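Throughout, protein chains are lettered first and strands after them, A, B, ... in sequence-line order, and every chain is numbered starting at 1. Keep in mind that this is a model prediction, so the values were computed, not measured. Note that these values count all heavy atoms, side chains included, but never hydrogens, waters or copies made by symmetry.
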Amino acid sequence: MPELPDVEQFKRILVRKGLDQVIESVIVKDARILGKLSTKTFTVRLCARKLVAVHRHGKHLLVKLDDGGWLTFHFGLSGALQFLQSREDEPSFTRVRLDFTDNGSLAYTNKRMLGRVGIVEDAAEFIAAERLGPDALDPALDFAAFRMAVEGVRRDVKSVLMDQQIIAGIGNIYSDEILFQARMAPTARINELPPARLKHLFVQARKVLKTAIERGAGSERSVDRMPSGSLLPERKRGGYCPRCQSPLKILKVSGRTAYCCPHCQS
DNA sequence: TTAAGTGTTGCTCT
DNA sequence: AAGAGCAACACTTA
């Protein structure tokens, strides 16, 4: 589930419920989510720290601590962030729980354990180390910057959209929606697109991501809340194109399942 | 029961 | 060197 729009919702939860809160205790329920970082180091570092800012870069969430360090979250395929009024309400698959001194807790859940929670000293350094390209919704990413980011790349447009090193934040689900709205086949070579088509792709990408955020991505049945004419509610076996009613085609593009309309997307 | 899957990394081959 | 393909990770669901 968690691509850029979903992680943006997690960010908003944190901003609303976690900002300016002080961590009283840290419960690590499954240390594997910390990778090589030890539970003790993690816990000691976070206790008594205040959360002072929240940034999102692509699918990563970075929470600034009052000592200058950053708490980092990555959600993999099944991660989520949930605010709990009471620590008794802890959801299943909670891997890390932060209990605040004032009230409430923050639960990081992750069913499939693909994802990471960690601590870094410098946000820019972390983004560089993860080799993340510019965030897909960064205001500084205008068309000129986008064109520069894909300069010299000769791959299927879908795999380029999903490449976090080129543009950060787009995954398999939203790349399908973006390509549908741009009326572009996922297998089109990005280097063979005329400039106007590349511009169109860029504009549609931003529009789809912004729309998904407005419509409350990350929540239950969020694909059904996308505007009519969206691909996502039909993105399933036996689904139909919302524009021309053709049966959607399922193909593999760079190892991932792609849904597209063989008639509308060329 | 088997396989596929909303993400990422690391390795191999061309 | 860029790009494609594959396995691995852990666990649920079709």
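- Distance, A:E3 CD to B:dT8 P: 9 Å, rounded to whole Å.
- Nearest to the side-chain atoms of A:R112 among the listed nucleotides C:dA4, B:dG5, B:dT9 stands B:dG5.
- Proximity of A:Q164 to the phosphate of B:dT8: a side-chain N or O atom is located under 4.0 Å from OP1 or OP2.
- Within the 4.0 angstrom heavy-atom criterion, only backbone atoms of the sugar-phosphate kind lie near A:G76; the bases stay farther away.
- Applying the 4.0 Å criterion to OP1 and OP2 of C:dC9, one finds that A:K111 has every side-chain N and O outside that range.
- Here the nucleotide nearest the side chain of A:R237, chosen from C:dC11, B:dT9, C:dA14, is C:dA14.
- Close to B:dT8, at under 4.0 Å from its OP1 or OP2, lies a side-chain N or O of A:K59.
- For the pair A:E130 CD and B:dG7 C1', the computed distance is 12 Å after rounding to whole Å.
- Whole-Å rounding puts the A:M113 CE to C:dC11 C1' distance at 11 Å.
- Within the 3.5 Å criterion, the main-chain N or O of A:L84 finds no donor-acceptor partner in the side chain of A:K17.
- Close to B:dG5, at under 4.0 Å from its OP1 or OP2, lies a side-chain N or O of A:T257.
- Residues A:F73 and A:F10 keep their aromatic ring centres 6.0 Å or farther apart.
- Between A:L114 atom CG and B:dA4 atom P there is a gap of 17 Å when expressed in whole angstrom units.
- Put simply, CD on A:Q165 is 10 Å from C1' on B:dT8, counting in whole angstrom units.
- Residue whose closest nucleotide on DNA chain B sits further toward the 5' end, between A:R256 and A:R131: A:R256.
- Both A:G152 and A:L77 lie close to DNA chain C; mapped to their nearest nucleotides by heavy-atom distance, the more 5′-ward contact belongs to A:G152.
- Residue A:H74 places no side-chain N or O under 4.0 Å from the OP1 or OP2 atom of B:dG7.
- Between the CD1 atom of A:I33 and the CZ atom of A:F42 there is a distance of 10.5 Å, given to the nearest 0.5 Å.
- Nucleotide C:dC11 holds its P atom 8 Å from the CZ atom of A:F93, rounded to whole Å.
- When the side-chain nitrogen and oxygen atoms of A:R32 are compared with OP1 and OP2 of C:dC11, one or more of them lie within a distance under 4.0 Å.
- In this structure, the nucleotide among B:dG7, C:dA4, C:dG3 sitting nearest to the side chain of A:R154 is C:dG3.
- When the P atom of B:dG7 is taken as reference, atom CZ of A:F10 falls 13 Å away, rounded to whole Å.
- Ion pairing of A:E24 with A:R87 is present here, as a side-chain N (NZ or NE/NH1/NH2) and a carboxylate O approach within less than 4.0 Å.
- A:D163 pairs with exactly one of A:R155, A:R131, A:K158 by the salt bridge (Lys or Arg N to Asp or Glu O under 4.0 Å) rule, that one being A:R155.
- Exactly one residue among A:L19, A:I23, A:V22 makes a side-chain contact (heavy atoms from CB on, under 4.5 Å) with A:K50. That residue is A:V22.
- One can place NZ of A:K158 at 9 Å from P of B:dG7, the figure rounded to the nearest angstrom.
- Partner assigned to C:dA10 is none, using Watson-Crick or G-U wobble distances below 3.5 angstrom.
- Within 4.0 Å (heavy atoms only), A:F75 reaches no atom of the nucleic acid at all.
- Remark: the separation of the P atoms in C:dA1 and B:dT8 is 25 Å, to the nearest Å.
- When distances are taken from the side chain of A:K252 to each of B:dG5, C:dA4, B:dG7, the shortest belongs to B:dG5.
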